[in-house]
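Below, read A as the first sequence line, B as the second, and so on, with proteins coming before strands; counting in each chain starts at 1.
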Number of protein chains: 2
Amino acid sequence: MTGKVRASVSIKDIARAAGVSPSTVSRALHSHPGISAETGDRIRLLAEEMGYTPSLPARSLVTRDTATIGMVITHASDPFLARLVVGVEECARSEGYAVFLSSSYRDAEREQEVIRSFHERRASGVIVTGSQIGTGYLELSQRFPLPIVLTNCSGYPYSVSTDNQAGAQQAVEHLVHSGHRRIAYVSNQRSSRTNRERLAGYRAVLQEHAIPVDDDLVLEGDGTLEGGARAAQQMLASSQPPTAVFCFNDMAAIGVIHAFNRADYRVPHCCSVVGFDDLELAGYYCPPLTTVRQPSYEIGRRAMRMLLKLIQGREDVQTEILPAELVVRETTRPVPRSARKEKGR
Amino acid sequence: MTGKVRASVSIKDIARAAGVSPSTVSRALHSHPGISAETGDRIRLLAEEMGYTPSLPARSLVTRDTATIGMVITHASDPFLARLVVGVEECARSEGYAVFLSSSYRDAEREQEVIRSFHERRASGVIVTGSQIGTGYLELSQRFPLPIVLTNCSGYPYSVSTDNQAGAQQAVEHLVHSGHRRIAYVSNQRSSRTNRERLAGYRAVLQEHAIPVDDDLVLEGDGTLEGGARAAQQMLASSQPPTAVFCFNDMAAIGVIHAFNRADYRVPHCCSVVGFDDLELAGYYCPPLTTVRQPSYEIGRRAMRMLLKLIQGREDVQTEILPAELVVRETTRPVPRSARKEKGR
DNA sequence: TATAATTGTGCAAACGTTTGCGGGAGCCGC
DNA sequence: GCGGCTCCCGCAAACGTTTGCACAATTATA
């Protein structure tokens with residue numbers, strides 16, 4: 001059982017105190033024309049004194065607008081969200097919207113529950129990151145009759161993503177150009193579209209360079225530190241560990257580096273590692289992480305702009321795909337000539 | 001200018017379709033007694049078919065309860081929030097509340113704005129982490145007539161915190177027991193109460209062991225990677241760098257370790273470092289970070305329970321202070337006997 | 001001075017719900 | 001056949017706003 005809110009002063013209370021009608025108070029507070037300056041000032045002063053705060057639920061009932069956008073995130077401290085959320089908040093703010101976050105914990109049911117919760121509160125629209133439902137929203141659109149834009153789900157018509165495949169290709173190109181041929185990939189959950197795209201990039205580069213793709217070299221991960229570490233254990237247990245590994249994201253990369261270090265399989269001396277995202281942390285890890293940078297602030301900003309268009313009923317929107325950029329730091333390096341001979345092919 | 005929400009099906013639409021009155025629909029949807037099973041089923045089916053989602057704003061207007069709690073966080077990807085938010089969400093959920101997050105960016109004005117935003121939406125209560133206002137809420141209580149509980153602000157009557165001073169003492173004790181005598185502290189923003197408490201703990205231990213506290217050894221930081229790195233630069237530039245440093249939190253600690261490493265001032269060989277928080281990342285850093293663990297899940301859970309009490313109008317609540325726990329990993333080690341001789345005292 | 005335009009304010013409906021109260025229909029027992 | 005009871009359901013008020021319209025008072029125009 002939930003509890004009641006403390007009594008708040010209403011527009012009627014002010015009206016009574018000022019000896020005017022509620023409508024006059026409403027108009028005064030909005031500085032409508034047609035209210036004398038004197039009454040207006042008196043009412044506004046009174047409202048201030050009485051500690052009046054308008055009730056948005058009541059207001060939204062008649063205006064049919066909550067000026068609220070909901071954002072579903074994976075969890076509160078997902079480091080990938082840092083710049084992305086700033087992007088959406090800044091954009092939303094400048095248009096008079098407030099944004100509220102709620103976490104899905106990468107669970108499809110929770111995600112739907114959160115969306116429903118936003119809809120019940122009549123949010124103007126929602127942005128979802130790390131969706132487990134993805135293109136499934138196309139069928140759910142009458143269940144959730146509110147504008148939804150996704151990030152990193154290029155199959156959904158209202159989405160903005162980074163070019164995952166191209167980003168992955170840059171990463172793997174970098175590795176093969178450094179002489180690596182046994183290159184592993186540690187994945188995200190299989191179902192993830194983003195994962196499929198990055199995996200495709202990985203495979204494309206290998207094929208292009210006539211390097212056989214060895215299925216034992218694609219490890220199951222989940223985008224977490226722990227998942228990365230687990231994948232690293234598997235690699236270490238193999239008879240012929242890779243000399244380089246490309247990871248779904250930076251967290252996984254840190255997980256594998258950590259596990260490699262523990263096993264004295266040094267990065268980058270024994271093995272190169274590259275991540276994805278370019279978290280702020282990446283530059284502070286040891287060694288500083290080579291990774292591919294997502295323009296996450298820009299993703300957030302554009303997602304919000306797209307959502308605004310949808311809210312306004314405009315349909316001239318289309319999926320946006322933003323470029324990724326490889327940033328080379330210190331977890332990658334050329335394989336030594338000697339090693340290249342024995343390990344090559 | 002914000003935009004209107006798409007038309008939703010209302011209880012009246014269902015009533016019309018079912019040939020009954022709105023009140024009957026309402027009662028049917030809530031499975032009130034006094035509605036025949038047949039009509040009830042018919043209405044519920046119809047509601048499902050028509051894609052009805054109740055309007056919480058409208059509902060809350062009459063029930064005077066939004067079943068919503070607001071949580072203000074510093075920013076979306078603050079790693080300290082990981083377990084804390086889970087704690088409040090799980091507790092809230094079990095009591096039928098939804099929780100929404102909004103970021104303050106450690107700015108007092110933004111923080112007030114967020115609180116006001118929650119109050120306008122008639123949230124039942126709010127929890128704020130990393131408050132810049134702190135005990136200032138005591139004076140703001142009539143401006144924000146809704147229950148507020150703070151975390152890590154032990155001066156505020158409705159708060160749950162970790163025992164910062166005791167935690168800091170454990171950390172510094174550990175360092176002096178390892179033979180260190182030149183121990184630095186890298187702080188958070190000065191104003192922060194949490195910072196003052198940890199600093200007090202630091203000073204207390206030094207005094208207890210008759211180690212003079214050198215003001216040059218308390219460095220200004222801000223709890224970020226970058227701030228930690230800056231503080232490290234300062235220490236390195238000094239004529240006599242410390243042999244150990246205690247940091248306000250893990251992020252700062254990682255920042256100093258990173259900067260130390262860059263300068264080939266190895267951790268822990270040349271210098272021990274201990275953080276605060278025990279982020280998940282701490283165990284994955286290299287070397288794995290010695291730190292003091294905050295019971296952050298428990299903080300979240302208790303904060304939410306406290307808030308629930310306040311919402312119910314109970315006043316039998318009081319500040320809670322939870323114990324911290326030192327976890328020793330690999331960024332600290334005894335100072336070598338030789339060094340102890342030349343550096344000691 | 002009568003009329004028209006202007007200015008300031010109030011009335012009432014509406015938004016989508018919930019809920020106390022009253023009332024009609026059916027049934028029972030006498 | 002009548003009173004009483006139970007079972008379903010509708011009426012209407014209320015929550016806190018906004019807003020179209022009417023209206024009274026004041027001022028400008030003829």
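The nucleotide whose nearest atom lies closest to any side-chain atom of A:Ser21 is, among C:dT17, D:dC9, C:dG10, C:dG10. With distances taken from any side-chain atom of B:His32 to the nucleotides C:dT19, C:dT9, D:dT17, the minimum falls on C:dT19. Distances were taken from every side-chain heavy atom of A:Ser55 (C-beta onward) to each of C:dT9, C:dT19, D:dT17; the shortest belongs to D:dT17. Picking from D:dC15, C:dT17, D:dT19 the nucleotide with the shortest atom distance to the side chain of B:Arg64 gives D:dC15. When the nucleotides D:dT17, C:dG16, D:dC9 are ranked by their closest atom to the side chain of B:Leu61, C:dG16 comes out on top. Side-chain atoms of A:Lys12 lie closest to D:dT17 of the nucleotides C:dG16, C:dT9, D:dT17. For A:Arg27, the side-chain atoms get nearest to D:dG20 when compared with the rest of D:dG20, D:dT17, D:dC8.
Heavy atoms of other residues, nucleotides or ligands lying less than 6.0 angstrom from CZ of A:Arg301 number more than 12. Crowding of A:Glu49 atom CD: a count of heavy atoms from other residues, nucleotides or ligands under 6.0 Å exceeding 12.
Rounded to whole angstrom, the span from the CZ atom of B:Arg42 across to the C1' atom of D:dC8 amounts to 12 Å. Atom CD1 of B:Ile43 is separated from atom P of C:dT17 by 14 Å (rounded to the nearest Å). Between the CD1 atom of A:Ile35 and the P atom of D:dT18 there is a distance of 12 Å, rounded to whole Å. Nucleotide D:dT17 holds its P atom 16 Å from the CG atom of A:Asp65, rounded to whole Å. When the P atom of D:dT18 is taken as reference, atom CG of A:Leu29 falls 8 Å away, rounded to whole Å. At whole-Å resolution of the value, CZ in B:Arg16 and C1' in C:dG16 are 12 Å apart.
Salt-bridge formation is not detected for the pair A:Glu48/A:Arg44: no Lys NZ or Arg NE/NH1/NH2 atom is positioned less than 4.0 Å from an Asp or Glu carboxylate oxygen.
For the pair B:Thr24 and D:dC9, the criterion of a side-chain N or O lying under 4.0 Å from OP1 or OP2 is not met. Contact check, A:Arg59 against D:dT18: a side-chain N or O comes under 4.0 Å of OP1 or OP2.
Projected onto DNA chain D by closest heavy-atom contact, A:Ile11 and B:Ser23 fall at different nucleotides, the more 5' of which corresponds to B:Ser23.
Residue contacts for A:Thr39: at a heavy-atom cut-off of 4.0 Å it reaches the sugar-phosphate backbone alone, with no base atom in range. Nucleic acid contact for B:Ser26: base, since at least one base atom lies under 4.0 Å from a heavy atom of the residue. Counting non-hydrogen atoms under 4.0 angstrom, A:Pro54 reaches the backbone sugars and phosphates but no base.
One N or O on the side chain of A:Tyr156 and one on the backbone of A:Ile148 form a donor-acceptor pair closer than 3.5 Å.
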Open item on the list: For B:Arg64 and B:Ser60: C-alpha separation, side-chain torsions, deciding distance, then whether side chain to side chain donor-acceptor pair (under 3.5 Å) applies.
Closed with: CA-CA 5 Å; B:Arg64 318 189 67 69; B:Ser60 73; over 6 Å; no
